[in-house]
Amino acid sequence: MKRTYKFRIYPTKDQEAILNRWIETCRVLYNDCITERRDAWKQCRKSISCYDQANQLPEIKKFDDGLRSVHSQVIQDVLRRVDKAYQNFYRRVRNGDRKAGFPRYKGKNRYDSFTYPQSGFEIRGDKLTLSKIGDIKIKQHRAIEENVKTCTIKRDVDQWYACFSVELPDAPMKERIESAIGVDLGLTSIITTNTGEKVDPPTYLRKSGKKLSREQRRLSRKREGSSNREKQKRIVRRVHRKIRNQRTDFNHKLSRDLVNNNDLIVFEDLSIKNMLQNHHLAKSIFDAGWHQLQRFTAYKAEEAGKYVIFADPNGTSIECSVCGYRVEKTLATRVHRCPECGLIEDRDVNAAKNILKRGCECLPQELRETTPVEMFVGTSMKQETLCVSEG
Ligand SMILES: [Zn+2]
């Protein structure tokens, strides 16, 4: 199991200049590699591999001081990134994705990191030693002694981070599920669970969202190409970063709670769920947040040997969680009232119950056998028997 740890680093002005130069050198190389692959393909239908490009490096380096100043493994990693972009592209084409576009050139604000893929970095105390750069102060909020594989240095507007990917041993999966939860994702409440618990977005996130739209409006009024516009762009990027960081903190805590209190967590599969029907201003902010929450929960669960399932969300808010009858609703209908069995339930709680049910249906047989049945159906089981006897 792979994990990434991210720590803030504090380069001096001189070091920052080097980091910026390396990123720029890598970006130019990245774009050159893409050009070369494109041209080769266009002119002679020849595809160039990662190896071909790597073999040319020594020759190119002779004439390029910038490239020579960068650690050789960091350069190799740029070629790997190009190759990865192409492999993704080929895979999408193979899968019949008509929208698959050629790997794109990276503009100045679209290339923000470089990676030491094997060695050339070391943490000692509060210092991160980078080969060919030097010792940079690092704020490490947790120790990592395990198998560190790679080190990526990232720029985030005017802050710097070091990300370490670490290979951890797989945790043994739990053989028995004693507690399970279904989670409905929404806009007014970020999550609603089958037990009726709701978690609202924190007010600071809303405040930052408002600040973002305000600064974006200001940006749209600045003249194209003016220095004020550049300044305003930086401000907008900083607000984006703030929101990103707040959201990350929030999702770390929420996912930690979910995993600590449950052996099985069932989410809606967002790749199926169609959220576009909801034209909410802050949608994009929430959208990224949901994915992150799911990702964080999934890896924390994996570490703890617990289960996360992504269930088909189609119709979960329409179906009655007790009798299965379909009760059509508009987005404005907040309460589920079933004419068949008489269930009256908060719309999202009803959906969360359906999500949990569907997730349990996906469990492998051996897990279902060792898991108490009443937990799958929760209270709805009793109501179901009730409604049958009445009928
Ligand atoms: Zn019903």
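Worth knowing before you read on, the calculation uses all heavy atoms, side chains too, and leaves out hydrogens, waters and symmetry mates. For ligands, and for the atoms within them, numbers begin at 1 and follow the listed sequence. Position 1 is the first residue of the sequence; numbering continues from there.
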Review point. Just by distance, do the side chain of Arg241 and the backbone of Asp156 share a donor-acceptor pair under 3.5 Å?
Key: yes
Review point. Near the Zn ion (ligand 1), meaning under 2.8 Å, how many protein N/O/S atoms are there?
Key: 4
Practice item. Write out all pairs satisfying salt bridge (Lys or Arg N to Asp or Glu O under 4.0 Å) with one or both partners inside residues 249-258, taking only residues at least two apart or from two chains. Key: none
Review point. Among Gln159, Lys137, His141, Gln140, which residue meets the side-chain contact (heavy atoms from CB on, under 4.5 Å) test with Arg8?
Key: Gln159
Practice item. Supply the members, apart from Val327, of the Ile/Leu/Val/Met/Phe/Trp/Tyr cluster built from side-chain contacts under 4.5 Å; use none for a lone residue. Key: Tyr325
Point to revise | Pairwise ring-ring contact (aromatic ring centres under 6.0 Å, His included) hits with a residue in residues 215-256, at least two apart | key: His252-Phe296
Review point. Parallel, tilted or perpendicular: which describes the rings of Trp22 and Phe114, with under 30° parallel and over 60° perpendicular?
Key: tilted
